[in-house]
Amino acid sequence: MRRIRNTNSWVHFYFESLPEVRRTKSFWNFYQESKMTTSSESFFSYLYNYFEDFLFYITKDVLLVFALTFITLMCWKKSWKQKPSGTQLKPTLKKKWDTSSTLKEKSPEVIIVGAGVLGSAFATVLARDGRRVTVIERSMSEPDTFAGEVLQPGGYKILKLLGLENSLEGCEASKLRGFQIHDLVNKEKNNLFFRLVENEDIEDGRSFRHGRFVMGLRKIAMAESNVKFIEGTVINLVEDDGCIIGVQYKDKKSENVKELYAPLTVVADGLFSNIRKHLISQKPNVTSHFAGVTMKTPQELLLTKMNTIISDSSVFSIYTISYSESRVLINIAGEVPRNLKDYLMQSVYPVMPDHHKESFCEAVQNNNFKLLPANYLPAATLNKSGVILLGDAYNIRHPLTGGGMSIILSDIAIWRNLLQNIPCLDNYEAILQAKKKFYWLRKMNCTFVMNISAELTHQMFSAKDSTTLLVRKAYFEYRNFGEKYSQKSAQMYGMLTPKPSSLICFLGGVLIHAMRLALKSEPWYRKHHAVCTIGTILCKMLSFLIPLAYSEMCQ
């Protein structure tokens, strides 16, 4: 009985809640009659008989809701635009730079962030290929820095291939014919020439003031009708649905924040990049610091080689930057001294060549020096659409070997060839494939050799432990075996033969000679100590080289 009462109570509640118009005679009579019975069969038989009427009243409101939902979806579908594929621009984004033929003629195809060596040179190269380029630079005045003042022979060859050799006019650039390295600890010396015979088809390198070289490149870029320069600071990249569509910058003159759109944005804002963190997760690792001292030098004392001196207290290089000046690039391992002037006079001055001591002392006393961090940043894969990261914002190595400018020009040459096959820069799939080719080509062309050589050279030259000192001794002696060995080494460091196989063969020869030196240094009854030394050499060098090679190759 409780079950029937519960059922009747539910039915009574439903029908009492219905308006009068919805209570049909037949169904209401059915309900009244079912209340008077005590048999469940009577109730359910009536229910089955009038099921169609009952279902109608139950579903009427539900059907109305479904109908309204269907109409709403149809209206929304009519106004909805299908999303484009990953290889095309979204219509709403494309309108930002391609709404009309007039706007298309004025809007850039490429935005370059930074007008340093890479930004200015790349703008010129792209403009000569018919691209419309806009360069945004924080300051158009001459840069006052000492990073990037050496162009290796391989880099100078690429500069000429790009048609930018005129940028060195007025820079007072000096020829760089090789390296001269003095190891005062092991009393070793290397003289490395890029070429042995004057008529060989090998160019010398160049050394110059960085700021003058940049101004020369900007002058050439400004002469191109397709290049526009904007003086301002890029605040952020404009992104939509994972795609970079332009930049947001603060104009220097008006101090207004503006936006500029283009299918491709090239980020090349240098060592202290503000945009790098928005694109890759890697951060530069500070391996040491280096000070740059500018000293007056008589013309008869100007060097045609990069002269590197290694002592117990310091490692530094001297090279010519103008017709009357030389640069002393000093590596400072560990923490930066509080009093840098005293450090330079106590650690560098005593081992400075005698003919440079007076000029060096005068420069230091006049505070004619600056300090910069020496970073290491391996290249990382960046597959985000609409953007390319290049230059020191993308890949950094120690400046001791002077390969940075040459790598930058090599990257420009690679990208120029890749982009010539892509007429429309909004073809993101083609750009992605070009990036993959670029990552591989730059390793094979130069970066694997130059980056590992720079970090290894810094590690060996600044080492104090006996194991690394033995490897350094083998490093010098191996290159002194004959002109064949010294020239191959010089051409590898000069980016004339920067193939990974050349570096592997060279390092293999150095390690074998180091093991031979370890065996020769011990008498026959202490050969077991020599074996332990060999094991230590292999463990130490491989533990340094393998992670370094992995970071360079696994991009």
Query raised in the report: Does the cation-pi check pass for Arg397 over Phe448, that is, NZ or CZ under 6.0 Å from the six-membered ring centre and within 45° of its axis?
Result: no
Query raised in the report: Does Arg327 count as lying over the ring of Tyr319, i.e. NZ or CZ under 6.0 Å from the six-ring centre, within 45 degrees of the axis?
Result: no
Regarding [X] and [Y], is there a side-chain donor-to-acceptor distance under 3.5 Å anywhere?
X      : Y      : value
Asn236 : Gln248 : no
Gln433 : Glu429 : yes
Thr308 : Ser317 : yes
Asn445 : Ser410 : no

Query raised in the report: Picking from Lys305, Lys157, Arg177, what satisfies salt bridge (charged side-chain N to carboxylate O under 4.0 Å, His left out) with Asp204?
Result: Arg177
Query raised in the report: When the ring centroid of Trp415 is compared with that of Phe438, is the distance short of 6.0 Å?
Result: yes
[X] side chain vs [Y] backbone, donor-acceptor pair below 3.5 Å:
X      : Y      : answer
His210 : Gly148 : yes
Tyr394 : Ala380 : yes
Lys443 : Met553 : yes
Asn190 : Phe476 : yes
Ser273 : Gly270 : no
Gln152 : Gly205 : no
Ser120 : Ala115 : yes
Thr468 : Asp465 : no
Ser462 : His458 : yes
Arg479 : Leu192 : no

Exercise: identify the closest heavy-atom pair between [X] and [Y]:
X      : Y      : answer
Ala514 : Ile537 : O-CD1, 4.1 Å
His289 : Gly334 : ND1-O, 4.2 Å
Ala123 : Val135 : CB-CG2, 3.6 Å
Ala434 : Leu418 : O-CD1, 3.3 Å
Ala147 : Leu372 : CB-CD1, 4.0 Å
Thr457 : Ser453 : OG1-O, 2.6 Å

Do the non-hydrogen side-chain atoms of [X] and [Y] ever get within less than 4.5 Å of each other?
X      : Y      : answer
Leu279 : Leu237 : yes
Lys175 : Arg206 : yes
Leu419 : Leu425 : yes
Val234 : Val267 : no
Leu503 : Tyr493 : no
Leu409 : Leu151 : yes
Tyr428 : Cys243 : yes
Leu371 : Val336 : yes

Query raised in the report: What class does the angle between the rings of Phe290 and His398 fall in, given that below 30° is parallel, 30 to 60° is tilted and above 60° is perpendicular?
Result: tilted
Query raised in the report: Given Glu172 and Arg212, is the salt bridge (Lys or Arg N to Asp or Glu O under 4.0 Å) satisfied, shown in steps?
Result: CA-CA 9 Å; Glu172 299 185 6; Arg212 293 177 183 174; 3.6 Å; yes
Looking at [atom1] of [X] and [atom2] of [Y], how far apart are the two atoms once the value is rounded to the nearest 0.5 Å?
X      : Y      : atom1 : atom2 : value
Ile230 : Ile136 : CD1   : CD1   : 5.0 Å
Met306 : Glu149 : CE    : CD    : 9.5 Å
Met492 : Lys499 : CE    : NZ    : 13.5 Å
Ile245 : Asp426 : CD1   : CG    : 13.0 Å

Query raised in the report: In this structure, are over 12 heavy atoms from other groups packed under 6.0 Å from Arg138 atom CZ?
Result: no
**Report entry** Lys435 atom NZ, neighbour heavy-atom count above 12 within 6.0 Å
**Finding:** yes
Report task. Would you check, one step at a time, whether the test side-chain hydrogen bond (donor to acceptor under 3.5 Å, both in side chains) holds for Ser551 with Tyr376? Result -> CA-CA 11 Å; Ser551 65; Tyr376 175 64; 3.0 Å; yes
Query raised in the report: When you look at Phe193 and Phe179, which way does the ring pair (Phe, Tyr, Trp, His ring centres under 6.0 Å) test go after all the steps?
Result: CA-CA 7 Å; Phe193 295 89; Phe179 301 96; over 10 Å; no
Query raised in the report: Are Thr265 and Val113 close enough, and set up right, to give a side chain to side chain contact (heavy atoms under 4.5 Å, CB included), and what steps lead you there?
Result: CA-CA 8 Å; Thr265 300; Val113 181; 4.2 Å; yes
With a 4.0 Å cut-off, would you call [X] and [Y] a salt bridge?
X      : Y      : value
Glu224 : Arg128 : yes
Lys384 : Glu239 : yes
Glu109 : Arg131 : yes
Asp144 : Lys370 : yes

Report task. I would like to know whether Phe316 and Ile332 meet side chain to side chain contact (heavy atoms under 4.5 Å, CB included); could you show each step before the answer? Result -> CA-CA 9 Å; Phe316 59 92; Ile332 302 174; over 6 Å; no
Report task. Please say which of Asp411, Thr447, Asn451 ends up in a side-chain hydrogen bond (donor to acceptor under 3.5 Å, both in side chains) with Asn395. Result -> Asn451
